[in-house]
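A quick write-up on the structure given underneath.
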Amino acid sequence: MVAATELGGQRQQEGGEEVVNYLDWNNALDVLEKAYRSGLFVLIIGPKGTGKTTLVRRFASQMQKELHSVNFSLRTRESHLVGTRTIEKGQISFVEGVLVKSMRNGTMLYLDELNAAEADVLLRLDEALDDRRQLVLKEAEGQVVKAAPDWFVIATINPLSHVGTKELPPQLLSRFPVRMRLDYPPEELELEIVKRHVKLDDAHTRDVKHAIQLAKSLRDAAAVEELYYSPSLRETIAFAKMLAAGLAPRHAAEVVYANAYDQWGQVEYQKVMDMITSIFGGSGR
Ligand SMILES: Nc1ncnc2c1ncn2[C@@H]1O[C@H](COP(=O)(O)OP(=O)(O)OP(=O)(O)O)[C@@H](O)[C@H]1O
Ligand SMILES: [Mg+2]
């Protein structure tokens with residue numbers, strides 16, 4: 001059972017199907033387990049939609065550890081992590097933030113998109129993550145919080161090519177001595193993953209294979225900055241779901257892939273539409 005707490009944004013499902021369906025195609029669960037047993041914190045580096053969050057939730061569920069999550073953004077404050085002082089009926093008390101709770105209870109702490117955080121927030125984290133694994137609460141009369149021995153931390157960062165990301169300061173990088181790279185899976189495994197989410201007949205399987213090829217071309221084009229956007233596994237799964245719901249392949253590709261590029265103008269959109277036409281044929285729906 002995964003109890004997920006989320007600060008800011010992104011919906012989280014509790015335990016559930018997503019986690020059960022996870023395909024461990026690159027042995028990531030084994031590496032995570034070995035790092036956990038060795039008390040080493042882990043950094044996962046990978047572009048969006050490659051299964052980072054699902055992997056972490058699956059691991060927490062497998063280890064039967066409670067999961068605390070923080071989704072970092074420029075708006076994440078120290079108080080989210082550490083806690084805040086409140087005054088109620090004249091009594092001052094301290095409400096613990098997610099970092100303090102996780103340390104005390106020895107849960108699994110998931111720091112998502114750590115490289116989106118501001119420097120002051122990172123500094124505070126750095127204090128907790130160093131080898132002493134403790135935090136001095138200047139917010140609560142200098143109280144010292146010591147992490148439980150089975151406290152475990154996994155962070156993710158998006159590669160620097162992503163708009164709006166900064167590099168993780170080397171100091172903080174060194175707190176996560178196990179680094180895993182999660183990229184898009186090879187084509188045949190991407191199909192396996194989609195099949196774990198959507199039931200496909202033979203005709204649909206063929207169309208999904210084509211969509212995976214399209215996604216791969218779009219990812220390659222984005223990697224060399226010919227296009228602005230790189231579709232993820234999320235899009236492949238969405239395409240398969242739209243097919244299964246009865247939409248024609250070309251139309252599904254248009255709404256899932258091509259239309260996204262309209263944001264950057266007609267030229268980008270048309271480039272993608274031309275690729276779709278060459279794969280799925282002309283305008284007949
Ligand atoms: N190995 C896998 N097995 C099964 N499903 C997967 C796998 N990898 C990704 N998925 C599915 O792909 C979708 C995106 O995965 P997820 O949200 O975990 O990616 P992410 O890397 O955390 O993305 P982001 O960087 O945008 O947060 C989800 O629906 C997830 O279930
Ligand atoms: Mg995620």
* To do: Could you check if a side-chain atom of Y229 sits within less than 4.5 angstrom of a side-chain atom of Y261, using non-hydrogen atoms only?
  => yes
* Asked: If we only count heavy atoms from C-beta on, is the L114 to L125 side-chain gap below 4.5 Å?
  -> yes
* Heavy atoms only: give me the nearest A222-S230 pair and the separation to one decimal. => CB-CB, 3.8 Å
* Parallel, tilted or perpendicular for F41 and F176, by the 30°/60° rule? -> tilted
* Count the heavy atoms of every other residue, nucleotide or ligand shown that sit under 6.0 Å from CZ of R196, and state whether that count exceeds 12. => yes
* Worked verdict on T277 versus R250 for side-chain hydrogen bond (donor to acceptor under 3.5 Å, both in side chains) -> CA-CA 7 Å; T277 301; R250 183 179 199 271; 2.8 Å; yes
* To do: Answer yes or no: is there a donor N or O on one side and an acceptor on the other, between the side chain of R104 and the main chain of V145, under 3.5 Å?
  => no
* Heavy-atom count around K209 NZ within 6.0 Å, excluding the residue itself: above 12? -> no
* Heavy-atom check, side chain of D120 versus side chain of R124, under 4.5 Å -> no
* With no hydrogens and no angle check, is any side-chain donor or acceptor of S102 less than 3.5 Å from a backbone partner on V98? -> no
* Please answer whether the main-chain N or O of S232 pairs with a side-chain N or O of E235 as donor and acceptor at a distance below 3.5 Å. => yes
* Asked: D112 pairs by side-chain contact (heavy atoms from CB on, under 4.5 Å) with which of T53, I157, I44, V70?
  -> T53
* Close side-chain approach of E78 to E118, heavy-atom, < 4.5 Å -> no
* Asked: Does K52 reach the main-chain N or O of G46 with its side chain, forming a donor-acceptor pair under 3.5 Å?
  -> yes
* **Salt bridge present between K216 and D220 (N-O < 4.0 angstrom)** => yes
* Stepwise, does the side chain to side chain contact (heavy atoms under 4.5 Å, CB included) test hold for L32 with L55? -> CA-CA 10 Å; L32 280 180; L55 167 67; 3.9 Å; yes
* **Close side-chain approach of R37 and F152, heavy atoms under 4.5 Å** => no
* Could you walk me through whether K195 and L200 pass the side chain to side chain contact (heavy atoms under 4.5 Å, CB included) test, one step at a time? => CA-CA 7 Å; K195 283 181 170 170; L200 297 172; 4.1 Å; yes
* Asked: In terms of heavy-atom contacts, does CZ of R132 have more than 12 from other residues, nucleotides or ligands at under 6.0 Å?
  -> no
* Check whether L182 and I212 end up in the same hydrophobic cluster, where Ile, Leu, Val, Met, Phe, Trp and Tyr are linked by side-chain heavy atoms less than 4.5 Å apart. => no
* Indicate whether the side chain of Q62 and that of Y22 have a donor and an acceptor atom separated by less than 3.5 Å. => no
* Does L243 share a hydrophobic cluster with I237, counting links as ILVMFWY side-chain heavy atoms below 4.5 Å and allowing steps through other members? -> yes
* Looking at side-chain heavy atoms only, is the closest gap between F59 and D24 below 4.5 Å? -> no
* Could you point out which residue of E226, E187, E190 forms a salt bridge (Lys or Arg N to Asp or Glu O under 4.0 Å) with R219? => E190
* To do: Give a yes or no on whether M275 atom CE has more than 12 heavy-atom contacts from other residues, nucleotides or ligands under 6.0 Å away.
  => yes
* Closest approach of L233 to Y184 (non-hydrogen atoms, all atoms of both residues) -> N-CE2, 4.3 Å
* To do: Check the angle between the aromatic planes of F239 and Y257 and answer parallel, tilted or perpendicular using the 30° and 60° thresholds.
  => tilted
* Asked: How about E188: does its CD atom have over 12 heavy atoms from other parts shown lying under 6.0 Å from it?
  -> yes
* Main-chain N/O of E113 paired to T156 side chain as donor or acceptor, under 3.5 Å -> yes
* Any side-chain heavy-atom pair of W25 and E192 under 4.5 Å -> no
* Can you list the steps and then say if E127 with K138 is a salt bridge (Lys or Arg N to Asp or Glu O under 4.0 Å)? -> CA-CA 12 Å; E127 184 190 342; K138 57 181 190 314; over 6 Å; no
* Give the cluster check for V255 versus V272: same hydrophobic cluster or not, with ILVMFWY residues linked at side-chain heavy-atom distances below 4.5 Å. => yes
* Asked: For N27, does the CG atom sit with more than 12 other heavy atoms under 6.0 Å from it, leaving out its own atoms?
  -> yes
* To do: For the pair Q171 and D126, evaluate side-chain hydrogen bond (donor to acceptor under 3.5 Å, both in side chains) and give the outcome as yes or no after the intermediate values.
  => CA-CA 8 Å; Q171 164 91 349; D126 190 47; 2.9 Å; yes
* Asked: Between H197 and V194, is there a donor-acceptor pair closer than 3.5 Å when you use the side chain of the first and the backbone of the second?
  -> no
* **Side chain K65, main chain D150, donor-acceptor under 3.5 Å** => yes
* How far apart are the closest heavy atoms of V198 and A244, and which atoms are they? -> CG1-CB, 3.8 Å
* Quick check: are there more than 12 heavy atoms from other residues, nucleotides or ligands sitting under 6.0 Å from CZ of R181? -> no
* Got a donor-acceptor contact below 3.5 angstrom from the N105 side chain to the T107 backbone? -> no
* Check whether any side-chain heavy atom of T236 sits under 4.5 Å from a side-chain heavy atom of I193, and report yes or no. => no
* Check the pair N21 / T54 against side chain to side chain contact (heavy atoms under 4.5 Å, CB included), numbers first and verdict last. => CA-CA 9 Å; N21 285 342; T54 314; over 6 Å; no
* Asked: So if you build clusters from Ile, Leu, Val, Met, Phe, Trp, Tyr with side-chain heavy-atom gaps below 4.5 Å, do M180 and L40 land together?
  -> yes
* Asked: Is L218 reachable from L191 through a run of hydrophobic residues whose side-chain heavy atoms are each under 4.5 Å from the next?
  -> yes
* **Backbone N/O of A128 and side chain of R175: donor-acceptor pair under 3.5 Å** => no
